[in-house]
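Data block below; observations after.
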Amino acid sequence: MNDELEYRAVLAVDIERSAGRGDRALLEIRARLTEMLKEAFEASGVDWSACLRHDLGDGLRVTAPAGTRKAALVHPLVPELALRLRTYNRGASPLTRIRVRIALHAGDVHVSPDGTVAGSPLEVLARLLDAPPARAALAGAPGTVPASLLLSGHFYDETVRHGHLGLFPEDFRKVGFTVKEHTADAWLQLPGRQPTAEAAPEPADTQEEPAGSEAAGSEAAGSEAAGSKLAGSKMVNKASGHGVVYATQHGTQHIRIERKH
């Protein structure tokens, strides 16, 4: 084995619930996943032919070429892969739909002349791939979400934390996990998940007074002010659009629009 250590980024994917689908379905899934990974790597500027690839049975491990920019493996590679998976799943049968867990780490590894890769970073990568938080997040996500992504603390600190183009720290959450002898913190994301739309606020009860009624409106406002001494205190705020907003402590809101002539 080569005694020289090389710093490499390593990525692994594992197909969710691949067992029990039968050989034909599994072979198709593996072939399509490999094809989509190749396309995502190439779209991210990473030479697929220079990557070292190793079969994991239900997935694949990829060792990126030396000098690969690690941030590119998060963005655009992961969104590119998620897009392809989601598009593929729209037309796939239940037996051949693909959702994957993705793990990313980097470190010093031994690379032999025949392409064999060894070293402790691969052990960390395997634990990340099997981490319960990533499994649970993907299992609990809508079926349209095609992947979960888990970054080691080291990988996150050198990429996402800096907020480079396309990398948003707020899209990740910190999780702790233990797999076998390995206990660590990592950073979790669900690529392709659509943000939940916030409920629109209820429209205010607005009334517009006819033109020329400013004087009457002023008298009404004065009457309301007098009445407030009995009914409780009142807040008056200037509103955009030349309006006055009156809000009582009883939860009723009155809006009067004043027009300029």
Side-chain angles (χ1 to χ4, degrees), residues 8-65 68 72-74 76-106 109 111-112 114-118 121-152 179 188-193:
R8 299 287 190 100
V10 286
L11 174 148
V13 296
D14 188 80
I15 302 167
E16 181 190 50
R17 298 177 183 173
S18 61
R21 302 200 201 189
D23 289 347
R24 291 186 62 183
L26 185 57
L27 287 172
E28 180 179 346
I29 288 170
R30 284 160 52 91
R32 295 305 300 269
L33 176 59
T34 301
E35 178 184 348
M36 287 185 277
L37 271 170
K38 177 181 181 295
E39 292 174 355
F41 268 80
E42 296 288 357
S44 304
V46 182
D47 185 359
W48 179 251
S49 64
C51 294
L52 302 174
R53 305 182 294 275
H54 297 87
D55 193 334
L56 299 178
D58 292 338
L60 198 67
R61 186 183 74 225
V62 182
T63 303
T68 296
L73 300 180
V74 183
L77 191 149
V78 171
E80 289 282 351
L81 178 58
L83 175 63
R84 285 165 172 77
L85 286 168
R86 192 169 183 181
T87 302
Y88 164 78
N89 285 339
R90 284 180 177 175
S93 69
L95 275 179
T96 56
R97 286 177 191 151
I98 306 172
R99 299 213 306 174
V100 298
R101 298 188 310 282
I102 308 168
L104 276 166
H105 185 46
V109 296
V111 181
S112 65
D114 65 358
T116 301
V117 183
L122 302 187
E123 296 176 6
V124 174
L125 185 69
R127 304 301 177 252
L128 289 165
L129 195 61
D130 204 32
R135 287 182 175 274
L138 186 59
T144 54
V145 175
S148 67
L149 170 64
L150 195 63
L151 308 182
S152 68
V179 176
L188 178 66
Q189 182 198 42
L190 289 176
R193 181 162 192 169

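Owing to the predicted nature of the structure, the values given are computational and were not obtained by experimental measurement.
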What are the two closest non-hydrogen atoms of Cys51 and Val46, and how far apart are they?
SG-CG1, 4.0 Å
Show the nearest heavy-atom pair for residues Leu77 and Ala40, with the distance to one decimal.
O-CB, 3.9 Å
State the CG-CD1 distance between Leu128 and Ile102, to the nearest 0.5 angstrom.
12.5 Å
So which heavy atom on Glu28 is nearest to which on Tyr88, and how close?
OE2-OH, 4.1 Å
Given the rule in the salt bridge (Lys or Arg N to Asp or Glu O under 4.0 Å) test, do Arg84 and Glu80 qualify, once you have shown the distances and angles that lead to the verdict?
CA-CA 6 Å; Arg84 285 165 172 77; Glu80 289 282 351; 2.5 Å; yes
Check step by step if side chain to side chain contact (heavy atoms under 4.5 Å, CB included) holds for Leu85 and Val100.
CA-CA 9 Å; Leu85 286 168; Val100 298; 3.8 Å; yes
Under 3.5 Å: donor-acceptor pair, side chain of Arg99, backbone of Leu138
yes
What closest approach, in Å, do Ala64 and Leu73 show between heavy atoms, and which atom pair accounts for it?
CB-CD1, 4.4 Å
So does Glu16 get a backbone contact from the side chain of Asp58, meaning a donor-acceptor N/O pair under 3.5 Å?
no
Pairwise distance CG(Leu188) to CG(Leu150) - rounded to 0.5 angstrom:
6.0 Å
Could you tell me whether a side-chain N or O of His105 sits under 3.5 Å from a main-chain N or O of Ala126, the two making a donor and an acceptor?
no
Please check: side-chain N/O of Arg30 versus main-chain N/O of Gly57, any donor-acceptor pairing under 3.5 Å?
yes
Taking only Lys NZ, Arg NE, NH1 and NH2, and the carboxylate oxygens of Asp or Glu, determine whether Arg127 and Glu123 approach each other closer than 4.0 Å.
no
Polar side-chain atom of Arg101 near backbone of Leu129 as donor-acceptor pair, under 3.5 Å
yes
Heavy-atom nearest pair, Pro146 first then Pro191, reads CD-O, 3.6 Å
One should read off an interatomic distance between Leu52 CG and Arg61 CZ, to the nearest 0.5 angstrom, of 9.0 Å
As an exercise, state the distance from CG of Leu83 to CE of Met36, rounded to the nearest 0.5 Å.
10.5 Å
Do NZ/NE/NH1/NH2 and the carboxylate oxygens of Glu35 and Lys38 come within less than 4.0 Å?
no
For the atom pair CG (Asn89) and OG1 (Thr144), what is the distance rounded to the nearest 0.5 Å?
9.5 Å
Separation between CZ of Arg21 and CG of Leu95, rounded to the nearest 0.5 Å:
7.0 Å
Which heavy-atom pair separates Leu190 from Ala147 by the least distance, and what is that distance?
CD2-O, 3.7 Å
